[in-house]
Amino acid sequence: LRGELLAAIDAATALDALEAVRVQALGKQGAITGLLKTLGKLTPEERQEQGPRIHGLREAVTEALATAKAAMEQAALDARLASETVDMTLPVDGVAPGSVHPVSQVMDELAEIFADLGFAVATGPEVEDDWHNFTALNIPETHPARAMHDTFYLAGAHERPMVLRTHTSPVQIRTMTSSKPPIRIIAPGRVYRSDSDATHTPMFHQIEGLVIDKGITLGHLKWTLETFLKAFFERDDIVLRLRPSYFPFTEPSAEVDVGFTWKDGKRVIGGSGDAPGGGWMEVLGSGMVHRRVIEACGLDPDEWQGFAFGTGVDRLAMLKYGMDDLRPFFDGDLRWLKHYGFSA
Ligand code: PHE
């Protein structure tokens, strides 16, 4: 019986075959169970002789079953591990590659355009103190512009009140206080205002421009903006209109409009906005840097003059790509990115 059972265990190639052997040997009607039952009917002498043999048989078979079962489970696990191996070096298929976000693409493009004009890229912190964001820019504490900016203030005690910068203009201050003129920089980055609708999001992007040198005039400003907008919109027929305006940190100040015409229900940048069927669209704030700002940075305004401009990067992207809602920029929706050709 022993040889028979051990051979059956050996021959079993699957768990259910092994289970059949177990039932056959150790189940209620099993052969070994049957033998164990006979022990009670034996004489003490016979039991002493048969008992150890039968128990020994049961142990041997139980052990063989356990060993065979463990081996089978190990083999099954090995097979599963082998079949589920992931080769990290294989190329992934079916997953679209990532792409640079349209806002980042536009910022890169702007940095390239201005690099050609000799502008370096400057940066500043998004958590800014109110001196850099307002005071040094000639926006004193009582100035209504502070309220107009829908500023996010940081809670807690700080030496100076801290804000999420409401524009990139504080980078003008940081640049003028940390480096000597002549200065030619652009400063792209995130800015924050507590405002939200189709064309306003609490976080958006601006790009600032600053030139400080000797004998800088509005003419330099206009030429720079014209050259930049022609390169950005990839059109030679860009027409600018400078409208007198007001910013505390520039004097005189001008808002800059570009002419456009309607085509298939969409605005197409180019041409004079005064042409039949045309219009003007505001794209920039700008002006000659206010003497008080130059002074606040420790420079002599009689020696150094310059111009500054600022514009919304997201807005420029919307104009260039014919988008009418700002919010999808920050939704991370692949369908939208694909629709505008920004994702594979
Ligand atoms: N900082 C201004 C704004 O956010 C834009 C601006 C920058 C205007 C530089 C003039 C000069 O609206």
Side-chain angles (χ1 to χ4, degrees), residues 103 107 110 114 119 121-126 128-140 143-152 163-176 183-195 199-213 216-218 220-226 228-229 240-258 281-294 296-297 301 304-316 318-319 326:
V103 171
M107 288 205 289
L110 293 171
F114 279 103
F119 286 67
V121 172
T123 57
E126 289 171 31
E128 187 56 283
D129 59 69
D130 84 331
W131 188 80
H132 286 91
N133 196 81
F134 293 124
T135 313
L137 286 161
N138 193 32
I139 312 175
H143 200 285
R146 293 210 180 193
M148 266 160 46
H149 276 200
D150 303 308
T151 311
F152 285 113
V163 301
L164 293 181
R165 66 178 179 190
T166 57
H167 50 177
T168 43
S169 300
V171 185
Q172 289 187 34
I173 305 303
R174 290 193 173 269
T175 308
M176 282 189 271
I183 289 167
R184 269 202 297 269
I185 57 112
I186 53 160
R190 293 185 177 134
V191 301
Y192 302 83
R193 291 183 201 179
S194 177
D195 203 352
T199 53
H200 298 85
T201 50
M203 185 281 293
F204 60 106
H205 301 81
Q206 283 192 339
I207 187 162
E208 192 85 5
L210 175 70
V211 168
I212 300 286
D213 206 333
I216 298 293
T217 70
L218 267 178
H220 296 116
L221 169 63
K222 191 175 182 204
W223 179 87
T224 304
L225 295 181
E226 224 164 55
F228 141 54
L229 291 167
L240 296 193
R241 184 175 76 173
L242 269 65
R243 246 181 320 109
S245 183
Y246 172 77
F247 297 103
F249 34 91
T250 47
E251 181 59 33
S253 303
E255 270 171 325
V256 180
D257 300 335
V258 287
M281 189 143 40
E282 186 197 321
V283 288
L284 282 146
S286 67
M288 302 307 291
V289 180
H290 200 294
R291 339 179 13 105
R292 282 204 208 127
V293 174
I294 295 178
C297 296
W304 302 106
Q305 304 82 39
F307 64 77
F309 58 87
T311 182
V313 176
D314 327 79
R315 235 180 96 72
L316 285 181
M318 284 170 74
L319 286 177
L326 177 62

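In this text the structure is predicted, and so the values were computed from the model without any measurement. All ligand and atom numbering here is 1-based and tracks the order in the structure.
Without hydrogens or angle criteria, Arg193 side chain to Thr166 main chain gives a donor-acceptor distance under 3.5 Å. For Asp314 (side chain) and His205 (main-chain N/O), a donor-acceptor pair under 3.5 Å exists by modelled atom type. Side-chain atoms of Gln206 come within 3.5 Å of backbone N or O of Thr168 as a donor-acceptor pair. Counting only distance, with no hydrogens or angles, the side chain of Thr311 and the backbone of Val283 share a donor-acceptor pair below 3.5 Å.
Short contacts between ligand 1 and Ser169, defined as distances under 4.0 Å to a heavy atom of the residue, involve ligand atoms 1 (N), 7 (C). Ligand-side atoms of ligand 1 in range of Phe249: 1 (N), 2 (C), 6 (C), 7 (C), 8 (C), 9 (C), 10 (C), 11 (C), range being under 4.0 angstrom from any heavy atom. Close contacts of ligand 1 with Ser286, meaning ligand atoms under 4.0 Å from a residue heavy atom, involve 8 (C), 10 (C), 11 (C). Contact atoms of ligand 1 toward Phe309: 7 (C), 9 (C), 11 (C) (distance under 4.0 Å to a heavy atom of the residue). Less than 4.0 angstrom separates some heavy atom of Gln206 from each of these atoms of ligand 1: 3 (C), 4 (O).
Between Thr250 and ligand 1, a contact under 3.5 Å exists for no N or O pair.
Residue-level proximity to ligand 1 for Arg165 is absent, since no heavy atom of it falls below 4.0 angstrom.
Between Phe309 and the options Phe249, Phe114, Phe247, a ring-ring contact (aromatic ring centres under 6.0 Å, His included) holds for only Phe114.
The number of heavy-atom neighbours closer than 6.0 Å to CZ of Arg292, taken from other residues, nucleotides and ligands shown, is 12 or below. For CZ of Arg184, the number of neighbouring non-hydrogen atoms (other residues, nucleotides, ligands) closer than 6.0 Å is 12 at most.
For the residues Glu255, Arg193, Glu208, the heavy atom positioned nearest atom 4 (O) of ligand 1 is part of Arg193. When Pro248, Pro170, Ala308 are checked for heavy-atom proximity to atom 11 (C) of ligand 1, Ala308 turns out nearest.
Not a single heavy atom of His290 lies less than 4.0 angstrom from ligand 1.
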